[in-house]
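Working notes, structure below.
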Amino acid sequence: MAVLSKQVAVPKFGFSPIPVIDMSDPESKHALVKACEDFGFFKVINHGISAELVSVLEHETVEFFSLPKSEKTLVAGYPFGYGNSKIGRNGDVGWVEYLLMNASLDSGSGPLFPSLLKSPGTFRNALEEYTTSVRKMTCDVLEMITDGLGINPRNTLSKLVSDQNTDSILRLNHYPPCPLINKKTNCGKNVIGFGEHTDPQIISVLRSNNTSGLQINLTDGSWVSVPPDHSSFFFNVGDSLQVMTNGRFKSVRHRVLANGDKSRVSMIYFAGPSLTQRIAPLTCLMDNEDEMLYEEFTWSEYRNSAYNSRLSDNRLQQFERKTTNSNTLLND
Ligand code: OGA
Ligand code: NI
C-alpha cells in the first residue's frame, strides 16, 4: 500500500464540541439547524436503525476486506468497485482500501449492487437493508431540517434524495493499522488515511467502528478529532446543501488519520440528487436584499467537476458569484 506520510497540524482541543441530535425529540430541529450552520456536522442518536443490521454489515465488510488482494481486485473498478490507496484519478493517495457502490434506487431490481458481488447473499442483503434504512433516516433528518428552517413543503429537501433516479453512493472504507505510526523512523508524524475534503453531495451519513481517526475542520481552521461511536451516525453537510442554503449551512472539511494499532472500518452513504437536478440557492430561504452567492449548476455538472479535481480542492470556488459590490469595483 502506498504511504503518504506528512506533518499535519495536531488538533487543538481535548474536548469534543460535536453537536448531538436526538431524533426522538421533534424539538431537536433547532439544534439541528444550528449544527449545520456552525459545523456542517452532527451526531445522531435515537435514530431507530437496528444495531443488529449494522453489525451484520460490519461483519460482512470485514470479511470482504480480509479476502486475498487477488480476489478483491476482481471487483476493482471506477467509479464503482474496489480500490486501494488511490482515491479518485487525480493523484490522491491514502492509507485506505475501499469498496464503492451505486446505491441509487434505480440501480436494478433485485440485487442493489448487481455486477459487483459474485455471491454472498448475506452481504448483498445487508447492503440493501442498510441502504434502505439509512436513506429513510436521511429523509427524516432532511425533513427535520426543513421544519427547523421553516420551509414548506417539508419534503423540499428529502425528495431530492428519495426519488427513483437519485444518484447516491455507498462507500465502505477500511483503514488497516499502519505500521509506520509510533515507529522511530516516522518521527511521530501522522499518516493520512483519507485526505482532507468536503463531500460534494447533499448530505453524507457515516457510521464507523470504535476506532478513532475522523477529524473535522472548524470555521477557525483548527482540526478536531471526532470521538468514534459505533452506535450513532455522523452527518456531514455536503457542497450541494451549502449552495441550496446560499452558504448558511457549511459543507464541512474533514479527513481521516491512520491508526497505529487498530483498523478502522467505516460505511458512508452519500445522498445525492438526480443527475439533472438543478442546484441553486432556495428562493424561499432568501430575503429580498440577499444576493445569490453561487451560479446555478446541475448535479451532473458538479459531479463531473468533482471527479476531475483533487480531494482538497475547493470545488465550489468556480461556481461562486461575484457580488454586486465586487462587480462595481471591477467596473471602476
Ligand atoms: C469519505 C470520508 C471518512 C471515513 O469517504 O468521504 O470522509 O471515516 N470517509 O472513512
Ligand atoms: Ni468525506
Side-chain angles (χ1 to χ4, degrees), residues 1 4 8 11 16 18 39-44 54 57-58 61-62 64-65 78-90 92-103 130-131 134 138 167-178 190-217 223-230 232-242 250-259 262-272 302-303 306-307 309-316:
M1 188 178 277
L4 182 67
V8 287
S16 164
I18 311 296
F39 295 90
F41 189 82
F42 52 92
K43 166 165 138 172
V44 161
V54 177
L57 181 55
E58 179 174 327
T61 303
V62 169
F64 172 79
F65 287 119
Y78 181 87
F80 300 121
Y82 173 76
N84 187 322
S85 316
K86 292 194 178 107
I87 302 171
R89 292 189 147 175
N90 305 304
D92 289 297
V93 288
W95 187 262
V96 65
E97 58 178 342
Y98 56 86
L99 184 58
L100 258 166
M101 289 161 287
N102 182 358
Y130 181 83
T131 312
V134 171
T138 305
D167 179 39
S168 298
I169 293 173
L170 186 69
R171 175 176 202 125
L172 307 177
N173 287 334
H174 173 225
Y175 304 88
C178 178
N190 287 316
V191 173
I192 295 289
F194 206 115
E196 65 174 272
H197 65 283
T198 58
D199 294 341
Q201 289 84 355
I202 306 266
I203 206 159
S204 327
V205 188
L206 176 144
R207 188 270 171 193
S208 77
N209 67 356
N210 266 342
T211 303
S212 62
L214 180 64
Q215 298 186 333
I216 60 166
N217 200 220
W223 288 99
V224 176
S225 294
V226 178
D229 175 354
H230 73 291
S232 302
F233 290 88
F234 293 93
F235 279 67
N236 291 345
V237 168
D239 296 342
S240 300
L241 189 53
Q242 175 170 322
K250 301 286 172 292
S251 173
V252 64
R253 209 156 250 276
H254 54 286
R255 68 182 181 191
V256 177
L257 300 184
N259 191 294
K262 289 165 45 186
S263 15
R264 174 177 169 88
V265 176
S266 57
M267 328 163 167
I268 305 104
Y269 172 73
F270 300 93
Y302 195 63
R303 194 183 74 162
Y307 277 157
S309 60
R310 295 290 299 258
L311 264 185
S312 65
D313 287 348
N314 178 355
R315 304 170 182 131
L316 276 182

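Count residues from 1 along the sequence. Remember, it's 1-based here, ligands and their atoms both numbered in the order they're listed. All values derive from a computational prediction rather than experimental measurement.
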Test His230 against Asn209 for side chain to side chain donor-acceptor pair (under 3.5 Å), laying out the working first. CA-CA 5 Å; His230 73 291; Asn209 67 356; over 6 Å; no
In terms of the angle between their ring planes, are Phe235 and Phe42 parallel, tilted or perpendicular, with boundaries placed at 30° and 60°?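 Ring orientation of Phe235 relative to Phe42: parallel.
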Matching residue for His197 among Arg315, His254, Arg255 - test: side chain to side chain donor-acceptor pair (under 3.5 Å): His254
Close residues, ligand 1: non-hydrogen atom nearer than 4.0 Å: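 Residues Arg171, Asn173, Tyr175, Phe194, His197, Asp199, Leu206, His254, Val256, Arg264, Ser266, Ile268, Phe270 each place a heavy atom under 4.0 Å from ligand 1, listed by chain and number.
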Does Arg171 qualify as a cation-pi partner of Tyr98, given the criterion of NZ or CZ under 6.0 Å from the six-membered ring centre and within 45 degrees of its axis? yes
Check the side chains of Arg253 and Thr198 for a donor-acceptor pair under 3.5 angstrom, ignoring hydrogens and angles. no
Polar contact flag, side-chain donor to acceptor under 3.5 angstrom, Gln215-Ser225: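 Short answer, yes.
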Proximal protein heteroatoms (N, O or S) of the Ni ion (ligand 2), under 2.8 Å: His197 NE2, Asp199 OD1, His254 NE2
What are the two closest non-hydrogen atoms of Ile203 and Asn236, and how far apart are they? CG1-O, 3.2 Å
Verify whether the ring centers belonging to Phe234 and Phe41 lie closer than 6.0 Å. yes
salt_bridge(Arg310, Asp92) N-O dist < 4.0 Å: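 A salt bridge links Arg310 with Asp92.
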